[in-house]
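The figures here come from the full heavy-atom set of this structure, side chains too, leaving out hydrogens, waters and symmetry mates. Counting convention: from 1, in listed order, for ligands and their atoms alike. For reference, positions follow the sequence shown, starting with 1.
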Amino acid sequence: AQSDINDFYPEERDALLQIRDSLPSTADLHALWTGPPCRRSSSRWRGVACEDGHVVHLVLQGINLTGNLPTQFLQNITFMTKVSFVNNSLRGPLPNLTGLVRLEQVSLSFNWFTGSIPPEYAALPNLKILELEGNSLQGRIPGFNQSGLIRFNASHNLLGGRIPRTMALERFPRGSFDHNSQDLCGPQLDPCPVLPPPTPTPTPTPWRKREIGVKLWVSAVIALGGVTMSLSGSYIDWSVKMKGYSHSGSRTNPAERTMELDLFVKDIPSLGLEELLRASAEILGKGKNSITYKAILESGAVVVVKRLQNLNLDVSSSQKDFFQQMQLLGNLKHHNLAQIVSFYYSPDQKLIIYDYVHGYNLFKLLHDNRGIGRITLDWTARVSIIKDVAHGLAFLHAALPSHGAPHGNLKSSNVLVRREGLNYCCKLTDYGLLPLLQSRKFPESLAVWRSPEYCQGKPLTHKADVYCLGILLLEVITGKIPDDRPLTGDDEASSMDDQSEWVRSTVNSDWLTEILDIEIMQSREGHSEMFRFIDLALECTSGLAEKRPKMSQVLRRIEEIG
Ligand SMILES: Nc1ncnc2c1ncn2[C@@H]1O[C@H](COP(=O)(O)OP(=O)(O)OP(=O)(O)O)[C@@H](O)[C@H]1O
């Protein structure tokens with residue numbers, strides 16, 4: 001009989017070591033994956049499970065595993081039944097799974113995988129769960145028809161064409177397929193066209209070669225170019241995303257493309273739309289109403305492009321309203337706002353182009369990587385962040401007095417934090433879009449839609465932003481993530497379902513110091529300020545909008561405290 005130590009298969013270990021040795025992550029796999037992966041039916045390796053000395057599960061989720069998965073590495077782990085790399089930063093093609101006949105679960109969602117879904121995935125005889133959502137996969141969906149398939153999700157990719165009409169795939173709802181290319185079709189989404197689309201005639205001059213008179217003044221971001229260029233090699237093809245409207249967007253007319261856009265940054269260097277389309281881009285985030293890209297232009301300049309989606313379903317505003325709103329927002333200048341550089345409108349596409357802010361968003365700074373290896377955010381930094389946020393919001397309130405909620409989407413992921421030496425500088429983004437999104441269709445997609453008054457069907461005022469600021473203050477002080485469960489969307493039910501419960505449970509503690517984020521609790525100074533901020537946050541999150549202070553008062557109090 002083999003001893004325990006030898007009771008594993010070296011080729012399986014070697015395969016796992018390829019990951020350990022080639023992909024950085026926040027889990028220290030070098031320290032955690034030593035010795036044999038399996039001891040009969042147990043494993044000490046993080047994320048690995050074994051049976052009879054064979055590796056059967058590999059589950060590495062949310063550890064920021066970064067880079068290209070070695071494509072063939074799984075081939076030698078022939079007893080594998082479950083593989084999951086959900087919520088990492090893996091790039092390149094999906095792994096080869098040919099011959100892994102025991103596989104029951106393949107979960108690769110929320111990464112940056114590109115290329116197509118390999119047809120051999122449809123030949124895995126025992127597949128029960130396939131999760132691929134939230135990548136950048138292209139091409140057609142293969143004809144999955146495994147009778148045991150109980151979960152399938154390929155949404156939020158760039159897939160196109162006809163969804164194969166198999167019994168297995170027809171069992172899955174719209175949500176398994178939506179947010180892909182416009183031409184992905186089938187009974188689960190929009191029906192496919194009966195006739196093949198006509199060949200375009202005559203063949204137009206390639207759009208890249210057209211004279212496009214669009215100019216964007218981007219010198220403000222050129223200064224950041226050097227920093228971001230160092231990230232080269234990890235970008236998806238931005239022009240693929242944009243071709244959605246350049247080619248298939250039949251309603252886009254050439255005159256519109258050559259129209260001069262309004263520009264909000266005054267410096268001289270110019271840029272055509274052509275160059276924007278050629279820029280390589282990386283997806284920064286996908287929300288219910290938008291996808292946000294970081295685009296690196298040929299000049300090295302970096303911009304952020306927010307592509308608003310679903311507005312044609314929701315928007316009550318016309319092109320004129322969109323232009324007016326963008327003119328208003330683009331002309332706002334404040335050092336605590338991410339500057340809008342320009343915008344683009346076509347019937348199918350609405351783009352807002354911002355200055356790129358080099359740094360992290362506040363959500364990441366507060367919550368990512370808690371535990372070993374985390375860089376803590378001390379109290380001084382938090383006070384300076386709170387002040388910047390309050391200045392940015394107070395400016396918006398003064399500049400847009402007639403707007404319901406001038407920011408409308410204040411939350412920690414929309415606070416961009418740049419480190420400047422020992423100091424932090426924050427810029428608010430995603431502001432001013434409420435008038436363009438007047439629908440209850442996606443009730444969780446704007447922060448003000450979680451305020452008590454909205455949930456009770458009442459109109460939104462500046463006080464809804466104050467409410468969001470109160471939530472943000474509590475998040476900064478307690479380190480707790482605000483309740484983000486989707487609302488029901490049904491007025492009566494959702495009136496009970498705003499974030500008030502989260503506020504109460506967050507501050508409801510017998511020992512006041514227990515509510516402080518552990519990272520600031522240990523600081524020797526500042527406790528009385530922390531509690532004064534909590535008092536202010538509670539006033540800001542009052543269930544009654546009229547009881548909340550005005551933003552100008554909030555700013556004054558923050559200045560007094562800090
Ligand atoms: N101007 C910018 N500069 C740098 N990073 C940005 C900029 N704008 C947005 N980002 C980053 O892109 C991410 C995605 O933005 P996006 O607004 O789509 O996401 P979100 O905040 O998660 O969702 P929502 O659509 O509800 O605001 C943000 O979390 C932020 O970190």
Side-chain angles (χ1 to χ4, degrees), residues 64 87 89 110 112 134 156 179 216 218 220-225 227-228 231 235-236 241 264-265 279 281-297 301-311 314 329-330 332-343 350-368 385 388-389 392 405 407-419 424-434 436-437 439 441-450 465 468 471-472 475 481-482 484-487:
N64 208 14
N87 203 10
S89 300
F110 305 112
W112 307 105
H156 290 92
H179 295 283
L216 299 171
V218 290
V221 289
I222 283 175
L224 295 166
V227 183
T228 44
L231 296 170
Y235 295 94
I236 54 166
K241 310 269 179 195
F264 305 114
V265 184
E282 171 186 22
I283 296 182
L284 292 176
K286 294 180 188 178
K288 283 266 184 313
N289 291 314
S290 63
I291 303 186
T292 304
Y293 304 89
K294 170 180 168 185
I296 302 193
L297 308 171
V302 189
V303 290
V304 165
V305 182
K306 193 172 179 84
R307 183 177 162 208
L308 299 170
Q309 293 180 307
N310 299 319
L311 288 194
D314 292 10
L329 299 179
L332 299 177
K333 307 264 177 327
H334 191 270
H335 62 278
N336 296 124
L337 292 186
Q339 176 66 47
I340 295 179
V341 175
S342 188
F343 66 93
K350 286 122 199 113
L351 309 177
I352 310 178
I353 301 153
Y354 295 89
D355 263 358
Y356 175 71
V357 179
H358 189 74
Y360 294 98
N361 70 48
L362 179 58
F363 184 92
K364 276 190 192 289
L365 285 180
L366 285 171
H367 309 298
D368 262 18
I385 289 170
D388 277 4
V389 171
H407 191 294
N409 201 13
L410 182 64
K411 56 182 178 176
S412 55
S413 64
N414 284 333
V415 176
L416 307 170
V417 186
R418 192 173 65 208
R419 217 174 159 157
Y424 290 85
C425 168
C426 297
K427 291 184 188 282
L428 306 184
T429 188
D430 229 9
Y431 49 87
L433 301 182
L434 179 66
L436 301 174
L437 302 163
S439 164
K441 196 159 190 249
F442 302 111
E444 70 271 35
S445 53
L446 282 188
V448 283
W449 288 347
R450 308 192 66 86
D465 274 343
C468 296
I471 297 282
L472 190 124
E475 186 181 351
I481 299 177
D484 199 22
R485 279 170 305 177
L487 303 179

Report task. Do me a favour and list the nearest non-hydrogen protein atom to atom 12 (O) of ligand 1 with residue, atom name and distance? Result -> Leu284 CB, 3.3 Å

Query - Where ligand 1 meets Tyr356 - atom numbers and elements under 4.0 angstrom, heavy-atom basis - result: 3 (N), 4 (C)

Query raised in the report: What is the nearest protein non-hydrogen atom to atom 29 (O) of ligand 1, stated with its residue, atom name and distance?
Result: Asn361 ND2, 2.9 Å

**Report entry** Qualifying residues under ring-ring contact (aromatic ring centres under 6.0 Å, His included), relative to His334, sequence neighbours excluded
**Finding:** Phe395

Report task. Compute the minimum heavy-atom distance from Lys306 to ligand 1 and say whether it is under 4.0 Å. Result -> yes

Query - Shortest protein contact, atom 1 (N) of ligand 1 (heavy atom only) - result: Asp355 O, 2.8 Å

Requested in this report: Measure the distance from atom 22 (O) of ligand 1 to every protein heavy atom, then report the residue, atom name and distance (to 0.1 Å) of the closest one.
Outcome: Ser413 OG, 3.8 Å

Query raised in the report: Are any non-hydrogen side-chain atoms of Tyr354 and Lys306 less than 4.5 angstrom apart?
Result: yes

Query raised in the report: Do Asn336 and Val389 have side-chain heavy atoms sitting under 4.5 Å apart?
Result: no

Query raised in the report: Going by the atom numbers of ligand 1, which of them fall below 4.0 Å from some non-hydrogen atom of Asn409?
Result: 24 (P), 26 (O), 27 (O)

Query raised in the report: For atom 19 (O) of ligand 1, is some protein heavy-atom partner under 4.0 Å away?
Result: no

Requested in this report: Compare all side-chain heavy atoms of Leu284 with those of Lys294 and state whether any distance is below 4.5 angstrom.
Outcome: yes

Requested in this report: Go through the side-chain N and O atoms of Tyr293 and Arg307 and say whether any donor and acceptor fall under 3.5 Å apart.
Outcome: yes

Query raised in the report: Which is it for Asn64 and Ser89 under the side-chain hydrogen bond (donor to acceptor under 3.5 Å, both in side chains) test, yes or no, and what are the steps along the way?
Result: CA-CA 6 Å; Asn64 208 14; Ser89 300; 2.8 Å; yes

Requested in this report: Return the residue, atom name and 0.1 Å-rounded distance of the protein heavy atom closest to atom 7 (C) of ligand 1.
Outcome: Leu416 CD1, 3.5 Å

Requested in this report: Examine Lys286 against ligand 1 and note whether any of their N/O atoms are separated by less than 3.5 Å.
Outcome: no

Query raised in the report: Is the closest side-chain donor-acceptor distance between Asn414 and Thr429 under 3.5 Å?
Result: no

Query raised in the report: Which protein heavy atom lies closest to atom 3 (N) of ligand 1, and at what distance to 0.1 Å?
Result: Val357 N, 2.9 Å

Query raised in the report: So is Lys294 close enough to ligand 1, meaning a heavy atom under 4.0 angstrom away?
Result: no

Query raised in the report: Considering only heavy atoms from C-beta outward, does the side chain of Leu446 approach that of Leu434 to under 4.5 Å?
Result: yes

Query raised in the report: Nearest protein heavy atom to atom 15 (O) of ligand 1, by residue and atom, and its distance?
Result: Thr292 OG1, 3.5 Å

**Report entry** 4.5 Å side-chain heavy-atom contact, Leu428 and Leu410
**Finding:** yes

Requested in this report: Starting from atom 26 (O) of ligand 1, find the nearest protein heavy-atom neighbour and note its residue, name and distance.
Outcome: Lys411 NZ, 2.6 Å

